[in-house]
Amino acid sequence: MRPASILLTAVTGLLWGVTAMVVIGVTLTLITGEVALPQATAAGLAGLLGALVFVWRRPAAGAGGAPAWSYCAVVVFLVLMLASFAAPFSLPLSAAPVWQGLALIVFIAGVTAAIRLCLSDARFDAMSRYEREVIYIRIARGIGFVVFTIIVALPFYVMVMTSLKSQQALLANPLDLSIDVSQGLSGLVRSYVELFTQFNFGRYLMVSAFVSVATVVLTLLLSVPGAYAVSRLRFPGQALLARSVLLIYMVPAIVLVIPLYAVFSQMGLRNTLTGLLIVYPATTIPVALYMLQGYFRGLPAELEEAGLMDGLSRIGVILKITLPLSLPALASVSLYVFMIAWNEFLFAFMFLDNPDIFTLSRGVVSLNSSEVPRQHLMAGAVIATVPVLFIFLWFERFLVQGLTAGSVKG
Amino acid sequence: MSAESRQPVSEGPPKGIGPMQRREMWLAYLMLAPTFIIILLIVAGPLLANFWISVKPVQLGDLRPPAVLVNERLRGSPEAAGDSATLEYRLRNSSRDEEIRDVVLKDEVPAGFTVTGLPEVCELSGSMLSCTIGTVEPGWRDRLRLEGTVSEAFLAASRPERASTPEVSGEANNVLTNFEFTLENFSRIFNADEFWSVLRVTFYYTIFGTGGALVLGLFAAQLLHTSFPGRGFLRGLFLFPYVSPVIAVAFTWVVLFDPFSGTLNALLTKMGVVSDPINFFGQRAIEFSLFGIPLEFPLALTTVIAFEAWRYFPLSFLFILARMQSINTDMYEAAEMDGATPMQQFWYLSLPQLMGILSVLFLLRFIWTFNKFDDIFLLTGGNAGTRTLTVDVYEQGFALSNLGAGAAVAVVVFVVLVTFATLFIRFSPKEEGL
């Protein structure tokens, strides 16, 4: 028996008890709308004792007894109920009993599983530094998973759920992020219907799609020949050019905004989609060119030389050999450029005043006023996010390649 | 054959550019030309133009050049053919500060209107009226009256004077293109009290935003390095903040952190963590004292930095993960044999291997965070002590309508950026080759 080992076991249990209780309590609150005050102390104590029991029973489990984790689960349950006077979430039993029961089960299962995973090699005897560090890292990883998942998912959850609420429900209880089935399907999607009928979002969606696709087409048309020239043809200034392409996407957009605003205003290009379609490709071409030339370099030059030998022109070689071979690269460049154009905010905001040609980004900004209720703003955000997330999930492999190859366009 | 022409053969490969290579060169230039032109017009041109605007006293209103505005009306009420009527042009200089030179009005006299009396500045050739007005003062107004008689056809037509629009030409000083320069924009921004605090906020935001994103990314990459069921799903989820439109995630954060109806504040107050809701994006600082020393915690700035780290950690995560997966595992096996603990393996093996990508990421993200405008603008609008240089460009140029001052701030942005870029290029590790 070593006090340090016991302490480590106890702290592991304590940490997991508290973490699980806070997370589950908050989740319960957000799902049911009932304010659950998670009994963190009781949960910590339950986790602590559960962990100790688990490590104590573990050597015995191999010798035919019940598995150690079952003891652990029972202890966690009993201690939690005793220490919190049978109200682990400080809620009366009548408030959302099904959800409370479920939360209790999830808590016990979660804490037990976490303890079992973290302490599967733990002993009360002296442990080596290696064994201790394995436990530290398991704890850190476990808590890391929980924290990261929550911080990433929570805003998106809030976004979707807020957009499905009514104004009264939002004001009455901002904690209630459940789906209120009683208002029916038409009540749930009311914000979306209003956005599409009264706020012209159907049109914004079309404009955004048009602008993004046109940007992709223009970018590819211009950057494919450029990338080919940089990667395959020899000419003075080639190396310099290949390197300076990267410098262009370090130029901040905000520095370009004032002169472009001034010039476009005087030329009558400011409040037009043509203006946007001049600016967007200019910002995406350097990235596209950089990504494509990297890929073109990796293609075997012999194939192209064979094509040249057989009498194809350079243009023929590009169209019939290089491009078909680089379809994956073209796909990831297209998706990446589409994403940049779809998400672009600054130029759309500065250039577009006419609601007939708003892109989605610009349209959502116009919802950000005190007269428009918040669920409309969130519904607008969902409408802007869903297409790009859908494309991302569908083509994730290509897009991840694009993100890493396009490095750090921001 | 003379000896001279044979000489190059003996000296090895030919020097200079042969015809084949010359053709290749021109082809390359041709293929690069469109890219080159559009970059020149939309990136390099505006960059230079920005310097130009920064030394000019340009207001937002000056973008509409001064012009003579004209309004054409028929006076008198002719009822029968042969009645007299007056065609009146009302003219006005739209600018109150600029004169307009060589003003000429041209119009077509409506069909059926027979001119009997002309103002002396005007001439009539056929039905074309041309009035040479000359130079007009700022704020000038005048009327030109054409006396005449009308015909039956004129009376029958509806508003025949509208058939042709009068055209006025003239030249005015365009404040954007003349050669008057001033340093007032720069003196204005450097003398403003808030400029140095803006600069300080910019550096806090850039350094901590970049650092936060890197640390979170490193941690996330450690989590997803080992394989387990659901790993692909989690990797996709972790990229959500980065691929979603900034507008959507920024407004979601604003709604989530809202002091009156936001979920987070409701959670904190109802659970008794804090007594009053916290205005995360609206409160400049929280005062507290540590060992009797009064200190301020910049709340809004911290929240904005947290957003920055949250939104951009996926990018560093992707890069670090890709790099980690390319590290040879033999090394770890050897370390394991030698009894290195997991922490030691991370500290002495992984981290040195990742140092290259980490520093490249830091440099590039640093520049990008420095350039960032959208995030802060959407979250706080630059209020509550979160105004960075880029937001200040907008504030000066568009909110205060002083384009010149905005451009001057943009020049500061650019100069700082070039300084960083030069430092980074000098000190950046070469082997990662980005």
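When reading the values below, keep in mind they use all heavy atoms of this one structure, side chains included, and skip hydrogens, waters and symmetry mates.
At a threshold of 4.5 Å between non-hydrogen side-chain atoms, the residues B:Thr252 and A:Phe156 do not count as touching. You'll find the side chain of B:Arg235 reaches within 4.5 Å of the side chain of B:Phe317, heavy atoms only. Under the 4.5 Å side-chain criterion, counting only non-hydrogen atoms from C-beta, A:Trp342 is in contact with A:Ser208.
For A:Leu393, the part lying under 4.5 angstrom from a heavy atom of chain B is the side chain only. Of the atoms belonging to B:Leu47, heavy atoms from both backbone and side chain fall under 4.5 Å from chain A. Of the two parts of A:Ile285, only the side chain, counted from C-beta on, holds a non-hydrogen atom closer than 4.5 Å to a non-hydrogen atom of chain B. The part of A:Met378 that comes within reach of chain B is its side chain, from C-beta onward, which places non-hydrogen atoms under 4.5 angstrom from that chain. Of the atoms belonging to A:Arg314, it is side-chain heavy atoms, and not backbone ones, that fall under 4.5 Å from chain B. For A:Leu218, no part lies near chain B; criterion is any non-hydrogen pair under 4.5 Å. Interface residue A:Val365: backbone and side-chain heavy atoms are both found under 4.5 Å from chain B. Of the two parts of A:Leu30, only the side chain, counted from C-beta on, holds a non-hydrogen atom closer than 4.5 Å to a non-hydrogen atom of chain B. Proximity to chain A (any heavy atom under 4.5 Å) is restricted, for B:Val249, to the side chain, taken from C-beta onward. Looking at A:Ala36, the atoms closer than 4.5 Å to chain B (heavy atoms on both sides) all sit in the backbone: N, CA, C or O. Both the backbone and the side chain of B:Leu403 have a heavy atom closer than 4.5 Å to some heavy atom of chain A. For chain B, the nearby part of A:Pro38 is the side chain; its heavy atoms alone come within less than 4.5 Å. With a threshold of 4.5 angstrom between heavy atoms, B:Gln222 approaches chain A through N, CA, C or O but not through any side-chain atom. Neither the backbone nor the side chain of A:Leu221 comes within contact range of chain B; no heavy atoms are under 4.5 Å apart. Interface remark: A:Ser128 contributes no atoms to any contact with chain B (heavy atom separation under 4.5 Å). Residue A:Leu289 touches chain B through its side chain alone, counting heavy-atom pairs closer than 4.5 Å. Using a 4.5 Å cut-off between heavy atoms, B:Leu417 contacts chain A through its side chain alone, with no backbone atom that close. Looking at A:Arg232, only its backbone comes within 4.5 Å of chain B, counting heavy atoms on both sides. Of the two parts of A:Thr385, the backbone and the side chain both hold a non-hydrogen atom closer than 4.5 Å to a non-hydrogen atom of chain B. With a threshold of 4.5 angstrom between heavy atoms, B:Leu389 does not approach chain A through any atom at all.
One N or O on the side chain of B:Trp310 and one on the backbone of A:Ile151 form a donor-acceptor pair closer than 3.5 Å. The backbone N or O of B:Phe257 lies less than 3.5 Å from a partner atom in the side chain of B:Asn265, making a donor-acceptor pair. The main-chain N or O of B:Lys56 is found under 3.5 Å from a side-chain atom of B:Asn185 such that the two form a donor-acceptor pair. A donor-acceptor distance shorter than 3.5 angstrom exists from the side chain of B:Arg231 to the backbone of B:Leu224, with no hydrogens or angles considered.
For the options B:Phe219, B:Phe370, B:Phe414, heavy-atom pairs under 4.5 Å to chain A are most numerous at B:Phe219. Chain A forms the most heavy-atom pairs under 4.5 Å with one residue out of B:Ala421, B:Gly236, B:Ala250, B:Pro34, and that residue is B:Gly236. In terms of heavy-atom pairs under 4.5 Å with chain A, the best-connected choice from B:Val255, B:Leu256, B:Val413, B:Ile53 is B:Val255. Ranked by heavy-atom pairs under 4.5 Å with chain A, the first of B:Ala266, B:Ala49, B:Pro342 is B:Pro342. For the set B:Gly339, B:Gly397, B:Ala28, the entry with the most heavy-atom pairs within less than 4.5 Å of chain A is B:Ala28. Between chain A and the residues B:Pro46, B:Gly232, B:Ser316, B:Ala410, the largest count of heavy-atom pairs under 4.5 Å involves B:Pro46. In terms of heavy-atom pairs under 4.5 angstrom with chain B, the leader among A:Gly25, A:Ala381, A:Ser223, A:Pro155 is A:Pro155.
In terms of the salt bridge (Lys or Arg N to Asp or Glu O under 4.0 Å) criterion, residue partners of A:Arg138 (sequence neighbours excluded) are, by chain and number, A:Asp121.
Remark: aromatic rings of B:Phe36 and B:Tyr29 are distant, center separation not under 6.0 Å. A ring-centre distance under 6.0 Å is found for A:Phe145 and B:Phe228.
Counting all heavy atoms, side chain and backbone alike, A:Tyr280 lies closest to A:Ala341 at CE2-O, 3.9 Å.
Around CZ of B:Phe260, the count of heavy atoms belonging to other residues, nucleotides or ligands within 6.0 Å does not exceed 12.
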Please tabulate, one pair per line, all N/O donor-acceptor pairs under 3.5 Å involving side-chain atoms of residues 255-267 of chain A, not counting sequence neighbours.
unit_1, atom_1, unit_2, atom_2, d
A:Ser265, OG, A:Tyr261, O, 2.7
A:Gln266, OE1, B:Asn174, ND2, 3.4
A:Gln266, NE2, B:Leu63, O, 2.9

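Atom CZ of B:Arg311 sits about 11.5 Å away from atom OG1 of B:Thr369, to the nearest 0.5 Å.
Paired with A:Phe349 under the rule ring pair (Phe, Tyr, Trp, His ring centres under 6.0 Å), one option of B:Phe377, B:Phe398, B:Phe373 passes, and it is B:Phe377.
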